[in-house]
J.: 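Here it is, the structure, as structure tokens.
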Protein chains: 2
Amino acid sequence: MALDNRKKEVLQAIVDDYVANCEPVGSKALIDRHDFMVSSATLRNDMAELEQMGYLEKPHTSAGRIPSDKGYREYVDSLMKVDKLSDEEGKEIKEKLSVSFDEIASLLKAASSALADQTGYISLAMTPKLTSSYLTQLKMLMIEPGKVLVVVVLSAGVVKNRMVRIPDFLTQDQVAQIGNAVEQGLSGLPLSEISLITVATAAKGNQKVELPDALLNQVLYEAYTAIKQADNLDVYMQGKHRMLSLPEFSDTKRAQGLFDTLSHDGLVAGYVDEVTKQDEKKEYMIRIGQEITLEGLDECSFITTTYNVGGKVAGNIGVIGPKRMEYSKVISQINFVRMMIDEKLKQP
Amino acid sequence: MALDNRKKEVLQAIVDDYVANCEPVGSKALIDRHDFMVSSATLRNDMAELEQMGYLEKPHTSAGRIPSDKGYREYVDSLMKVDKLSDEEGKEIKEKLSVSFDEIASLLKAASSALADQTGYISLAMTPKLTSSYLTQLKMLMIEPGKVLVVVVLSAGVVKNRMVRIPDFLTQDQVAQIGNAVEQGLSGLPLSEISLITVATAAKGNQKVELPDALLNQVLYEAYTAIKQADNLDVYMQGKHRMLSLPEFSDTKRAQGLFDTLSHDGLVAGYVDEVTKQDEKKEYMIRIGQEITLEGLDECSFITTTYNVGGKVAGNIGVIGPKRMEYSKVISQINFVRMMIDEKLKQP
DNA sequence: GTTTAGCACTCTATCTCTCTGAGTGCTAAA
DNA sequence: TTTAGCACTCAGAGAGATAGAGTGCTAAAC
């Protein structure tokens with residue numbers, strides 16, 4: 001049985017009201033707040049049917065209705081209208097991202113912070129997935145004898161560095177040369193194809209320094225770990241504490257379950273990855289309540305979207321909020337931030 | 001009126017019991033759990049006096065007593081015995097910090113993580129206060145035309161980098177030369193004495209590249225911002241979510257107040273700084289309940305201590321937990337972690 | 001067939017009342 | 001100074017009672 005027009009309106013109104021007040025919506029209240037041209041009894045019939053079809057739930061017999069996960073799903077899929085961000089709000093976000101960012105990490109940090117402030121929920125920003133990106137530069141900088149800073153620059157604009165230890169007696173020149181050799185041999189190679197072996201052959205094919213093999217291998221191993229480490233995703237998450245002010249998390253147990261999960265960056269990042277793959281074609285990904293396979297997030301909704309770096313490599317930003325979230329607003333906010341990121345990263 | 005021996009014992013027993021159970025302690029329960037050789041009536045008299053002197057409080061007339069801030073203070077100042085860490089626990093911490101850390105940031109991250117795991121409370125680790133440290137190296141690395149990575153190395157072992165934008169047409173050599181000139185002119189200079197002017201004079205006194213003044217100034221300005229940015233304290237904080245399982249934070253409002261404050265790294269860092277100055281001579285700093293001037297932390301206690309880098313520059317690590325904290329255990333844990341850090345950073 | 005008025009019914013939240021028990025403070029004796 | 005004894009206090013738990021929001025159903029109206 002499909003939803004007739006009035007039922008759609010009723011569902012939409014109930015979601016809207018519940019989002020606003022976090023209180024079960026009754027037929028009377030619905031009539032009061034909206035211009036239905038029918039009586040409350042009619043709405044009651046509609047609501048009973050909507051419940052039977054699984055779109056609504058009752059906390060108990062004599063309460064109003066609240067949307068089920070399926071109800072929210074219908075709402076975001078076909079009922080809500082995503083309105084454009086108000087000029088004012090767009091301006092606010094723009095301002096927060098207006099500082100010049102020449103490193104992707106700072107941009108993402110700012111984006112996550114803006115998103116958290118603007119939505120009032122938990123924001124998320126992840127560095128680009130690097131497996132598909134490639135090495136553009138590798139510099140080895142001697143900080144003091146025996147200590148070398150390996151700077152790895154990736155095509156996605158990601159810069160990472162790692163301090164490594166090498167034998168004391170190597171000179172800055174020798175180390176820099178090895179770095180150059182590796183860089184020449186590997187630049188342009190996708191990260192996924194870089195292994196200890198490729199590093200070694202690259203270096204040995206290009207370098208001019210005469211060094212015993214064992215020694216050279218030691219340095220190369222450190223360079224390799226530095227490159228591999230650059231592969232790690234960074235996750236920026238902000239605004240967690242705001243969830244505590246929501247009525248759905250007034251129960252500490254629930255909040256704890258949520259925070260426990262969120263404290264594992266890796267879990268969240270992995271989940272975002274998975275969802276992104278599932279909804280590859282879509283502009284944004286939404287997961288509602290039980291649809292989320294992360295523990296402790298069954299009272300939440302999760303919205304993510306993908307930004308692009310130079311049209312190729314992509315990372316994610318997103319928002320985690322209560323199921324009772326202002327979906328259309330959050331979506332437009334996320335979209336706006338994504339556009340801003342895309343724009344800033346388009347310049348080569 | 002000073003505390004006689006039995007009163008001290010009573011206070012100590014009450015703190016111990018309350019720490020263990022988070023329930024007001026009555027005279028009867030006290031007799032049951034401890035070997036006082038007197039009757040409950042005698043203890044009642046003692047407890048009444050302790051209350052009058054401000055060491056104990058009553059939640060209401062017919063409940064047991066709980067320690068007041070003053071009571072906790074007396075406890076940590078003269079009653080508790082700081083026991084040595086168990087070998088087992090020492091081993092666990094050692095293990096967590098056993099990876100080789102050649103960058104101070106990673107070491108602190110690991111330390112904070114170990115401290116949070118081990119205490120079950122909120123841990124804190126801050127990079128060294130850098131004002132007293134000095135610049136040892138400054139490298140400028142061209143990533144692509146117009147984009148330069150400025151790597152700043154400070155005496156405290158802190159390495160920071162910042163991507164900056166410069167005019168497109170400058171070459172790697174030119175940029176590197178400017179970097180060298182700045183480094184030569186400034187190395188050894190305390191950060192506090194580095195200003196845009198000192199940077200400029202340093203560079204102009206040492207550099208050989210012929211560049212129009214305006215252009216040079218632009219590059220120098222970027223180098224200067226990079227140096228100044230290296231000055232920022234980094235704060236690593238972990239284990240916040242654990243507080244939600246404590247009965248004192250079962251009220252979400254309270255938890256929210258705490259988290260609100262803790263989400264401002266700067267506030268916390270500033271406070272730690274202040275406290276450290278006040279208790280300069282002490283091995284560790286303790287602030288209890290209302291003694292803490294940060295909003296939302298009046299149900300908490302704050303313990304910090306100072307680690308050293310090469311005997312000179314110093315940073316802080318610490319723990320935030322409920323007033324009802326296992327003080328002696330936490331103190332020995334913090335001390336142990338500090339010793340580990342000191343040791344790892346002693347090697348030049 | 002759809003809509004509506006009317007009404008009995010259900011269930012939570014709230015309030016009040018009572019009871020219980022842990023714990024106190026005080027008094028008087030040891 | 002310590003102790004036994006006892007009256008007193010108060011939070012918390014449990015039991016009704018009540019109010020009110022909301023429901024579902026029936027029968028009439030459109």
Side-chain angles (χ1 to χ4, degrees), chain A residues 1-11 13-15 17-18 20-68 71 247-248 250-251, chain B residues 1-11 13-15 17-18 20-68 71 247-248 250-251:
Chain A
M1 186 190 344
L3 293 177
D4 62 45
N5 273 341
R6 199 182 54 220
K7 285 212 188 64
K8 282 186 190 170
E9 274 172 47
V10 171
L11 179 54
I14 288 177
V15 173
D17 278 19
Y18 188 66
N21 306 316
C22 194
E23 267 163 24
V25 186
S27 54
K28 194 84 180 299
L30 215 50
I31 290 276
D32 287 353
R33 278 196 285 259
H34 300 86
D35 290 336
F36 289 104
M37 306 272 69
V38 292
S39 76
S40 66
T42 312
L43 291 192
R44 272 205 291 286
N45 291 333
D46 285 351
M47 287 160 79
E49 277 189 63
L50 281 167
E51 186 184 350
Q52 224 173 7
M53 294 158 85
Y55 294 106
L56 296 179
E57 287 172 357
K58 264 190 298 195
H60 53 265
T61 338
S62 75
R65 303 300 208 294
I66 60 174
S68 67
E248 34 270 87
S250 65
D251 175 17
Chain B
M1 187 189 344
L3 293 177
D4 62 46
N5 273 341
R6 198 181 55 218
K7 286 212 188 66
K8 281 185 191 169
E9 274 173 47
V10 171
L11 178 53
I14 290 177
V15 173
D17 278 18
Y18 187 65
N21 306 317
C22 195
E23 266 164 24
V25 185
S27 53
K28 196 83 181 300
L30 213 50
I31 290 278
D32 287 353
R33 276 197 284 260
H34 299 84
D35 288 335
F36 288 106
M37 304 274 66
V38 292
S39 76
S40 66
T42 311
L43 291 191
R44 272 207 291 287
N45 289 334
D46 285 350
M47 287 160 79
E49 277 188 64
L50 282 167
E51 185 184 351
Q52 222 175 6
M53 293 158 86
Y55 293 105
L56 296 178
E57 287 172 354
K58 265 189 299 196
H60 54 266
T61 337
S62 73
R65 305 297 211 293
I66 61 173
S68 67
E248 34 270 87
S250 66
D251 175 16

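Proteins get letters first, then strands, A, B, ... in listed order; numbering begins at 1 in each.
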J.: Given that B:Asp46 and A:Met47 both sit by DNA chain D, which one's nearest nucleotide is further toward the 5' end?
T.: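 It is B:Asp46, whose closest nucleotide lies nearer the 5' terminus.
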
J.: Specify the separation, in whole Å, of atom NE2 of A:His60 and atom P of C:dA13.
T.: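 It is 6 Å, rounded to the nearest whole Å.
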
J.: If you walk 5' to 3' along DNA chain D, what is the first nucleotide with an atom under 4.0 Å of a heavy atom in chain B, and what is the last?
T.: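 On DNA chain D, the outermost contacted nucleotides are D:dT2 to D:dA11.
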
J.: Please report, rounded to the nearest Å, how far the C1' atom of C:dA22 is from the NZ atom of B:Lys58.
T.: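 The distance from NZ of B:Lys58 to C1' of C:dA22 comes to 13 Å, rounded to the nearest Å.
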
J.: So do the side chains of A:Leu43 and A:Val10 get within less than 4.5 Å of each other, counting heavy atoms only?
T.: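 They are in contact (side-chain heavy atoms under 4.5 Å apart), so the answer is yes.
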
J.: If I take atom NZ from residue A:Lys58 and atom NE2 from residue A:His60, how far apart are they, to the nearest 0.5 angstrom?
T.: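 Rounded to the nearest 0.5 Å, the NZ-NE2 separation comes to 9.5 Å.
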
J.: Is a side-chain N or O of B:Ser27 found less than 3.5 angstrom from the main chain of B:Arg44, in a donor-acceptor match?
T.: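 Not confirmed, B:Ser27 side chain does not pair with B:Arg44 backbone.
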
J.: Is the shortest side-chain heavy-atom distance between B:Leu56 and B:Val25 below 4.5 Å?
T.: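 Not in contact.
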
J.: Rounded to whole angstrom units, what separation is found between the CD1 atom of B:Ile66 and the C1' atom of C:dA22?
T.: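 One finds 16 Å between C1' of C:dA22 and CD1 of B:Ile66, rounded.
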
J.: Measure NZ/B:Lys28 against P/C:dG21 and give the value in whole Å, please.
T.: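 It works out to 13 Å between those atoms.
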
J.: Below 4.0 angstrom, N of the basic side chain to O of the carboxylate: do A:Arg65 and A:Glu51 qualify?
T.: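 Yes, this pair counts.
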
J.: Do A:Pro67 and A:Glu57 come within less than 4.5 Å of each other through their side chains, counting heavy atoms only?
T.: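 No - every pair of side-chain heavy atoms lies 4.5 Å or more apart.
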
J.: Over how many whole Å does the gap from A:Asp4 atom CG to C:dG1 atom P extend?
T.: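 Between P of C:dG1 and CG of A:Asp4: 16 Å.
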
J.: Do B:Ile66 and B:Glu23 have side chains that approach each other closer than 4.5 Å (heavy atoms only, starting at C-beta)?
T.: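 Answer no - side chains too far apart.
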
J.: Which dot-bracket string fits DNA chain C when only Watson-Crick or G-U wobble pairs with both atom distances under 3.5 Å count, crossing pairs get [ ], and | stands for a partner on a different strand?
T.: ||||||||||||||||||||||||||||||

J.: Check the pair B:Leu11, B:Met47 against side-chain contact (heavy atoms from CB on, under 4.5 Å), reporting the backbone distance first and the verdict last.
T.: CA-CA 8 Å; B:Leu11 178 53; B:Met47 287 160 79; over 6 Å; no

J.: What's the CG-P distance between B:Asn21 and C:dA22, to the nearest Å?
T.: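 From B:Asn21 CG to C:dA22 P: 16 Å.
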
J.: Hey, could you give me the OH/NZ distance between A:Tyr55 and A:Lys8, rounded to the nearest 0.5 Å?
T.: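 The NZ atom of A:Lys8 is 9.5 Å from OH of A:Tyr55, to the nearest 0.5 Å.
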
J.: To the nearest angstrom, how far is A:Asn45 atom CG from C:dT2 atom P?
T.: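 It is 11 Å, rounded to the nearest whole Å.
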
J.: From B:Leu30 CG over to B:Asp46 CG, what is the distance, rounded to the nearest 0.5 angstrom?
T.: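 The CG atom of B:Leu30 sits 10.0 Å away from the CG atom of B:Asp46.
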
J.: Using a strict heavy-atom distance below 4.0 Å, which residues from residues 34-43 of chain B are in contact with DNA chain C?
T.: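 Within this stretch, nothing sits under 4.0 Å of the strand.
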
J.: Whole-Å distance between C:dG23 P and B:Ile31 CD1?
T.: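 So the CD1-P distance, B:Ile31 to C:dG23, works out to 12 Å.
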
J.: From A:Glu9 CD over to A:Asp4 CG, what is the distance, rounded to the nearest 0.5 angstrom?
T.: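 The CG atom of A:Asp4 is 9.5 Å from CD of A:Glu9, to the nearest 0.5 Å.
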
